Structure formats: C-alpha cells, structure tokens
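Take a look at the structure below.
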Amino acid sequence: MTYNFNEIEAKWQKYWAENQTFKAENISDKPKFYVLDMFPYPSGAGLHVGHPLGYIASDIYARYKRHKGFNVLHPQGYDSFGLPAEQYAIQTGQHPALTTEENIKTYRRQLDQIGFSFDWSREVRTSDPSYYKWTQWIFIQLFNSWYNKDVDKAEDISGLIKIFASEGNSNVNAVCDDNIESFSSEEWKAFDTVKQQQILLQYRLTYLAETEVNWCPALGTVLANDEIVNGVSERGGHPVIRKKMTQWSMRISAYAERLLQGLEKIDWTDSLKESQRNWIGKSVGASVFFPILSFPKGEEKAGSLTRAGYMTGGNNSHLLLERAKEMRANPTQAEAVLWEQLRNKNLEAKFRQQHLIGDYIVDFVCLDKKLIVEVDGKIHENQLDEDAKRTEILENDDYKVIRFSNEEVLGNIDSVLKTIQEALSQRESVKDVLRMSEQIPPSGVRGIEVFTTRPDTIFGVSFMTLAPEHELIPQITTPAQKAEVDAYILATAKRSERDRMADVKTISGAFTGAYAEHPFTKQPIPVWIGDYVLAGYGTGAVMSVPCGDQRDYDFAKHFNIPIPNIFEGVDISKEAYASKDNVVIANSDFLNGLNYKEATKKVINELEKLGQGQGKTNYRLRDAVFSRQRYWGEPFPVYYVDGMPQMIDAKHLPIRLPEVEKYLPTQTGEPPLGNATVWAWDTNKNEVVSNDLIDNKTIHPLELNTMPGWAGSSWYFNRYMDPDNTEAFASKEALNYWKDVDLYIGGSEHATGHLLYSRFWQKFLFDKGLVPVDEYAKKLINQGMILGTSAFVTKVVPGLLKNNEKEFLAKGSKINPIFISSDRLKFIKQNENKCGLRFFIRDENTEDIFKLIEKLADKTEDFYSSKEETIGYDISFNLGHGFHTDVSFINASDELDIEAFKNWREEYKNAEFITEEDGTFKVKREVEKMSKSKYNVVNPDQICVDYGADSLRLYEMFLGPLEQYKPWNTAGITGVHGFLKKLWKLHVSEDGLNVTNEAPSKEALKTLHKTIKKVEEDIENFSFNTSVSTFMIAVNELTAQKCTSKEILEPLLVLLSPYAPHIAEELWEMLGHQTSISTAAFPKFDASYLVESSKVYPISFNGKTRFTLELPMDLNVQQIEKAVMAHEKTQEQLAGKLPKKVIVVPGKIVNIVG
RNA sequence: GCUCAAGUGGCGGAAUUGGUAGACGCGCCGGAUUCAAAAUCCGGUUCUUCGGAGUGUGGGUUCGAUUCCCACCUUGAGUACCA
C-alpha cells in the first residue's frame, strides 16, 4: 500500500463535511475557545500560496485546542461587498452579486482542498441581506446615541433631548461638533423640528456633516479616491476638484482615549499597538493665547475665528497619499518594469515612485534633479490637454517632465533608460522643490493661539514662531520688515514639506516686527516666522522655548535670540534640555522649584484664571467619513424629510440594495443608487416604493450613498457566535458564552483601518449593553508575508560603438532578441567605462556572442545604417537589465525551459539564447513580493495535486516563523513530502498495516515524549516551523529504531493531526478507530522517560569546545573535575601547563581556563 | 529625518533561562539500485593554509556571548517636523 494522498485527502474532506466534524456548539460543558481569521475579500484572482499561511496557523491552533478538550469556534466567511466586483460590473454590466458568488465558489473550493477545520455552518457574508440587516441596525443605534463625557460612555439620544428640554445645553458635557451655540430649555422648545434635528446631529455618534469629496464637473459626478489618477478622473481624464458635500461621519474621536487605554489590556503585537497609538496621536498639554501687542495699520481686518478652508490642503494631500500608496502597490506592467530599473539605482540617482508633488501624483521623480518620468497608458490619449496643462504647471516649477509610452518601456527599456540617463546628466542637482499646496491655519483674533505640551516652560519663552503660511502674518508684519518677510515666504513656498523635513539642518526664518504679550510677565515677545513650524499641525504657531526644545534652541542660536534658562542646575550652553524628567523649574515666578508635573498643573490653573489658556489634550484621530458614492455596499436605512435624515424603524429592516440599470453615477452627479427607480420610502406602508410616488408628505426619498467597506467587518466576529439569529445580531446567551475572540490571526495591513474601527464599534456596543466585553480580541498575531522568488533573464543589447568616441548606438530592436545565461556573465570582462554604459571586450569568452550578433546583423539591412556616417563604428554590445520571466518555466536548479519561454510571448518567438557549455540556460533569482506583474505567483491548487494538502500545510509552516516575511520556493516541498511518505511507511508496509501491540522500547518512549513536550511548547508559542522539524526527527528516530509499537505511533498521530490532518485521520482509522481523530485527547507528557543516567559533556578550553566526554549524571563537581583532568585529551590540550581554573556546571559543561 | 524589527552556510532556517553554533529541510557532491531516467535508499556538505577561524562591523561584560551592554553599518517595515 502506498501513500495515495489525493485519495486520502478527498476522502476525509468529504467525511468532515458530511459529519459536520467541526461544528461548534453554543451549549457545552467544555471550555470555549474562539479562533478567528481576518475576514477575507473573495477576489476573482483566487488564492496564491501566500494567502493560506495564516489560515493554516489558526487551523493548527484550533485543532490543537480540540485535542485539548475545548469547544472550539473556528468560523469563516466573506467580506463580500467591495470595489473590485463593482468595477467589474461597470465594465461588463454583470451584477456584482453574481461575480461575487462566482468568486466565493472558487475561494471555497480552494479553502476546502487545504483541509481547514472551519465550521461552515456559521458562514456569513456581508453582502447578504440577512447579515447587513444588522449592520443597518447597528448604524441606527449609533445614530440614536450621543457620547456623555461625564460618565464616559455612549447613551441614548432620548436622554439628551430630555436634558435640552429641561435645562438647555450649557451643562451638557458631550463629544460633539465644534462651535455649538448654546441655548436654554425655552429656546430649545421654541425651535422647530428641523432646527432641533440639526442640533441633535451635532451630538449623534453618526452624523451628517459637510465633508470634502472629489467632484468631477466634466462627468458631473463625485468620484471615489481610487477613481482619480494623478489628479484627474481615471475614466476620461477630466479634472477633479475638491467640493464640500454632505456625508455621514462616525464620531470615533469620542472613543480616542478609550481606544488608546484599551490597548493596554489586549495581547496584540507591539508594532500594531504602536501604529494605533500613532494614529490616535494623543498629546497632553495646554492651549495658550498670546495677544498681539501692536498691529500694523488695517488691524480691523484681523482674522476671524472660523476654520473655513483650513483643512483644504491637508485633506487633499492626505487623500492623494492614500491613492499614491495604492498605486505603488498596484503598478502597471510598464511601471513595474521601469521601477525595477530605477529603484536599483542603476542610473546612480535616487528615484521615488508615485510621489506627491503639489496636487499631483507623478509616476517617478528624482527630487534631486527635479526630473519627472511619466509612463503613459492608453488613458493618456484621452487627456492630452490635461496632461499638457499638468506638465506646464510642473515645469513652471522647475521640474522637467519626460514621458514614455507603455510600449516604449516594455519594448525597449534600454533606450528608455538611456534617455533618462541623458536627461539626468543635463540637470543641476537642486535641493529646493516647489511647495504648492496651501494650508491656512486658523488663528485667534488679535493674537496667537498655540498648543504646547510643555506649559511648565512658559517663562522660558523668548520668541514666538509662526509657520510662513500663517494667516496672521500679513496683518502683523511691520512695514520695515515686510520686504524681508515676503522674500522669506516666497523662498519657503518653493520647498516641499518633505524637503523642509529632510533638511532640518538649514535654519531659516524672518522677524515680523510684531510683538506678542507674555500672559504672565506682560513682556513683549518678538514674533518670528520660520519654516520649522508647520502650518498643517495644531494652530501653525508655537511658543518657542529655546532652553527646552532643540528646534527652538537652534533657531534662537542662529538669530541671536536670548535663551533664558529656566531649569535649575542644567547646562544649556550646548543644547536644549528637552526631557520632562528630573526637571526643576527656575526663574519662573510662581513656578520656581516645581517639577514638570506640578508646574504644568499650576500654570494651567493660572492661565485659566487669566482666561488665556486651558489644559488641552490633542488627538490626531479624526472622525471617519462613512458615506460612499458606490453601489456595491450596504444601503443606509435612512430617508429624508425636509432635508433631515430619518431612521427607518428597525422592524422593517433590512432595506435591500435596489436594482439599477447602470452602476455608474447619475448624470446629475448622484451616487449610483440615484439610478434606482424604486427607491423611496412609504411611511404608511413601511416599504420601499417607486420614486414616482415621492410626494414629500408620506413618501420620501431614500439615502443614495452606501456604507464603506469597513462597516460589515466591524462587527462580524460577534455574528459568528449566532449567525442565523433573526431577532438580534446575536443572542445574549451566545454572546455571553463565546464573549470574545481568543486568537485572531491576520495581516498587519489592517492595523489602523479595520482593527481600529472594529474596536470602536465593539466599545459602542458594549456601552449600550449589547455585548459583554469592550475588547473583542484577546490575542492577535500578524502573519508575515510569503514572498515570491522571481526569475530574471538578461538581455544582450547589440549596437555600434564609435571608434575613439564615447557613443553607443543601440540596435537591439533591429534584430531578434538575444538572451544570455546568467552564469556566463561571470566570465565576461567589462570594458573600460567609456560613457557610463558597460561594454564588453571581444575575447575567447565573448567570441560566440560577437559572432552571433554579426550573423544576425548581416541579415538586417538597416543594422549598420545611420544618419551619421557609419565609418568608424565597431560592432559591440552591452548587457541589458533583467527581465522577469514566469517562474513556471524554471526548474529547481534555476534553469530556464527555453521552449516554454519562446512560446510565452510573440516577441520572444525567434529569440536567441547564449547558454552554458552544457546547453542549459540559467536565470538570476531574486526575492520580491508575490504578484502577477512579477510572474512569480505560485498557485496552491497544483501543489495540492502534486504533493497533497498535508504537504502544503506542513511546508507553509516549515518555511519559517509565522510572523516573518519569507520567500517561497516550491522545490523545497519535497522535504516535507518525503517526511509524510516516511511516516506512512512507519505504519504501513507493502503488505498492509505493520503496527503491533508490542511493548515500546525505552528509546521509542524517549523519542515520543521528547516530541510531545516540544510540540506542545511550540504550538503554545506559535512556533510552528520548529514543530515540523521535531516531527521529522521523531520519524527519523523511530524508523531507525524500527518501531512498530501502537503505544508509540498512536499518540504520535494525535500530535501530528493539527498539522497534517488527512494522513493522521487515515492512519488513525487504519489503527482501528471508528471516530475522527479530531477530538482524541492530546498525549500527556511524562518527564520520567527523558531522565538520563549519563551526560556527554563538552570539554572546552577557554570557552572553545575541544572534545566530548561521557560521564554519569550522579557525579558531583569534584568527581567530574577529577575525571576530566585525568583524561588524556585534557593533558594533550594543556600540553603540560597547569590550568588557572576549572569551571564545572554539572549536567551542562566543563570549561578549563588556561 | 524619526520609530520599530531583522542581519547566522549556496538557500529557508534552528539553538526557549548566557553553556557542544549550523538542528531539520532544500540544493549540491559521491555511492547503491536501474538498459536509462524518475522514484527510493546510503554517505558527505560553514570556511580553512588543517594550526585554527567563524553568527553584519568594532568595542565591552563574563570562565564562557548568536544570546547581555555600547557605538556603527546594512536591509526591511511604519511614520511624515505632533511643538
């Protein structure tokens, strides 16, 4: 009997499905354990070998916990609303529900073939109305809630309405919009309902507010960020502007502090927690107001308190940055090819890809040379005007823009690179890059508002610094200083934020001539402007304390501004003292002698008395926009009366996604749901009716936006506990039994998206008493990525080299492409550098290459022809750069299947190959992210056919630590596959089962218990790679021992079953069991089998081991020393010298110090 | 720039509290089997001038350092001057 893995695996997968082996019970005496994988989006491309990595790890853990006697919940489902399906629908007209269904089928088939122990009876899909009914329901709960800071939790809005009616809003301590007008109870009662609703929206946890969106006037539509490429619409290439639109937002900022604090009690990876902390961005300090002492003429124009427009720049670049990131992740083929060349600095210049310049994202840029390289796809032809304009704007700012078509890049990368090289060489190196985005900070009337984290150092303020963009500057600058200030502003405007940041050494600034008044000393403080202060952060102004902040210190030193020392016993002659520890405040009036904490408290107190400041905690976390102008998402349960949103009663949910003709925005610029003809709410019949019936009395229009991708995934972990419940999102019993996820495994890319929003929703649900815990995942592990091993072929680029002159005429496109085996390159001598490109000498190693070129060139009439004179040209070649080739053409020894490669692409049909002497063609290999554009994707389906799911599972784990990034190399799978065959042979011979009831040998017991101990420790520590090695060692040892004892082999199968469940089940059954191995008890470790009577001591001299010596374990230190010293090898090593010292650690080591 | 993580054979990696560095596997080399190949099995495989040297580099602590400390270099990820 041989190990027929395909048959075995199909058999057990069928068995598990039919017997519902992994169905979790909601009522059980066993302790519960909840293992969850991050929600997958079912993409059309299917799985590659990198995807199942985390699933295999979580599956091993889930199976292990079942062996350990737990009732394990290990569900799986689909985050099935999403952009790709909608994009596909727009292109093909196919309903996204259909394509999603198709994709899920593929996904499920691929998951099933790997043998996961998912409880599929609990599958959920976010796009299923029975699921999104509850997403809508939670949205309604958020709408009907406000955040009461007094009790620090969310409460029902009805309580707030009561307070308004009884005492107005002046005593309400809520998280709400800024600048809310205050009103009395009488005023509240007098407001009409629309006004009341407007006010309530300012308090609700989800609210409608004006937010900026991307508006495309030419298309008459709003575009999502991903529909905008380089500042113009993806389709048609029309300009896009920022426009304010009313959008749903989530008041996540209310939970900023609790989201921060909650991180303390969850066992998530440190890097992930750190990302979330940064994202929340808490800083504690005070806001302080410094009045301006003297305004120049025209002070009546002093700025207002409104914040109009200040988000413009920041928001825009923030959105563009997101877009740029996406574009980096998903390059076109041409972009990928070019980037491959540029990033390796083959041109000796640093390039950045998809980089933000002003309001544009450019494909590639060398900032130092201000050179932009654009690769144009088909879309370029439709937007020549826009691109020309864009180029003009960029070139006005001293950039040089060069463009290539996709065909040029893909067809002749060498000439493209050469052109870039030439352009680079013609450009001066610059440090300044134009800064084009404008950010106007808000500011106080007749004064400067600052936020500081060090209010205790307020007596150390010797100047103020404003960002050059600060709106107050034109108003306060004195005529004498105007020329200098204007010149400075102009100069800094030419530098990008990035450059300002990178170049921290250059100190620059200008004095405005104005003075502010110190709140306590009432002394005038000079107001400067400097580019080290950023307009986009805080108020765009700082109180500069040179003795306590290094940037302020450097600025003061540079401009000879006094640096008063307010720290006792601290030397500030060399640098600022920025630490908050060991601080004793001095020269600070009422703060003298206090430490940081005391002084901070006291000064805030005093500022409040003056009305010139208060304690303030700043968070970077902003409320999250919740509307999407999209079709394929959850519809809002919202209709509009007099422009005010109304919630549909929960008993009428779900509000189903309506059918539409087209998935595009409407001609009037409304979201796709604007195309729906049956999309109005009848408040009498309580159902969705035709738009024709809208009378705005009983029948009203429904919301046209849909919810974003993160809506459904923010609470799905609770739904798995009770997925079929129609009365609630999950029953109280189920929620109280399962409570939270014990182990959550997924990628780190969700650090600040899904993982922050879902914690927010869980805390909200907890406040409302709907879930029993306020953190839903106790432990979270990020699995690393599996990288691809790309294969490259090197091209020979023939051409003509002009005698005595540094000029090379590439002629590669004139003849068939020539490729050279990578090992040949070692023997090719490089010519002296003639013009920056590499050329090669004609010698015995290259003779055949030159001959080949000559042969091919002779057949081509125009190879030698040139507009210039041809006399004096010599045939030559240089080496092109590596081209990706599909990894499926490469064998384990890195040899290319030349025929397959030739048939791959039309242009390679007649390619020539310069091979090794033995006729093989070697490729160069390099580790990169697995991606289609790099032709290094490995599909698990074929692996399952060739080696089986058990081999795949073991190999994925064997590759290395779970959380690490590691390259995939299919060749290595033979190792684990061989192990499984060996395991099989241990149990089954050609004549059948050869397991006996023979009593096990001592060695066999030792092997088994050593394995039990190690495997158990490994699983608990998520060190799955080392377990696989341990299994191999165990099987190697038992094979050597010729072990056939059931007493050994049976427990071994249980140990192995989480990793390789199919083979374990099969052998388990062959051993005579009637039921699945999945709940067999995990073997118990017995240390007594491992007790040794002797130890092989390493005998080391000065720490270097020279030989080993076996000694009984029961010897004491003196006896060991005696035995070692008496040994002939010891005397040999010592060569007659007396040792200075002998270190004996019983059971470990002997070290002789000479 | 800052923050974090990681640097060990040809490759993936192991060494869990400082105690025999390179487990296990791939690849490679040699052998057996075979007409031959695949598959399988056996042996070898850090380098070496055969004295030794050796875990990115240079220091330090220690009887002893891949492991602890300091400085630096490289790579990867995140972040964008957070006052």
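Please read these numbers as outputs of a predicted model, since none were measured by experiment. First the proteins, then the strands, lettered A, B, ... as listed; each starts at 1.
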What's the closest nucleotide to the A:Ala971 side chain, out of B:G19, B:C82, B:C26?
B:C26
Take atom P in B:C73 and the same atom in B:C82, then report the distance between them in whole Å.
22 Å
Rounded to whole angstrom, note down the C1' distance from B:G12 over to B:A80.
35 Å
Is the closest side-chain heavy-atom distance between A:Phe792 and A:Val923 below 4.5 Å?
no
With rounding to the closest Å, how many angstrom separate the C1' atoms on B:U33 and B:G43?
15 Å
Is the closest side-chain donor-acceptor distance between A:Glu1017 and A:Asn1021 under 3.5 Å?
no
State the dot-bracket string of RNA chain B. Criteria: Watson-Crick or G-U wobble, both atom distances under 3.5 angstrom; notation: ( ) intrastrand, [ ] crossing earlier pairs, | interstrand, . unpaired.
(((((((..(((......[....)))((((((.......))))))((....))..(((((..]....))))))))))))....
B:G9 and B:U3, which share atom name P, separated by this distance in whole Å:
28 Å
If anything within 90° of 0 is syn and all else is anti, what is B:G60?
anti
Answer yes or no: are there more than 12 heavy-atom neighbours, outside A:Lys1013 itself, under 6.0 Å from its atom NZ?
no
Contact pattern, 5' to 3', of nucleotides 41-56 of chain B - B, S or - by protein heavy atom under 4.0 Å
------------S---
Any N/O pairs under 3.5 Å between the protein and nucleotides 29-31 of chain B? List them or say none.
none

Against the side chain of A:Lys1148, the closest entry in B:U17, B:A15, B:U20 is B:U17
Of the nucleotides B:A83, B:G25, B:A14, which one has an atom closest to the side chain of A:Asn1036?
B:G25
Among B:A39, B:C26, B:U16, find the nucleotide with the atom closest to the side chain of A:Thr974.
B:C26
Crowding at NZ, A:Lys1010 (>12 non-hydrogen neighbours, <6.0 Å):
yes
Of the listed nucleotides B:C24, B:C82, B:G19, the one nearest the side chain of A:Phe958
B:C24
Ring geometry between A:Phe1022 and A:Phe1024 (parallel below 30°, tilted from 30 to 60°, perpendicular above 60°)
perpendicular
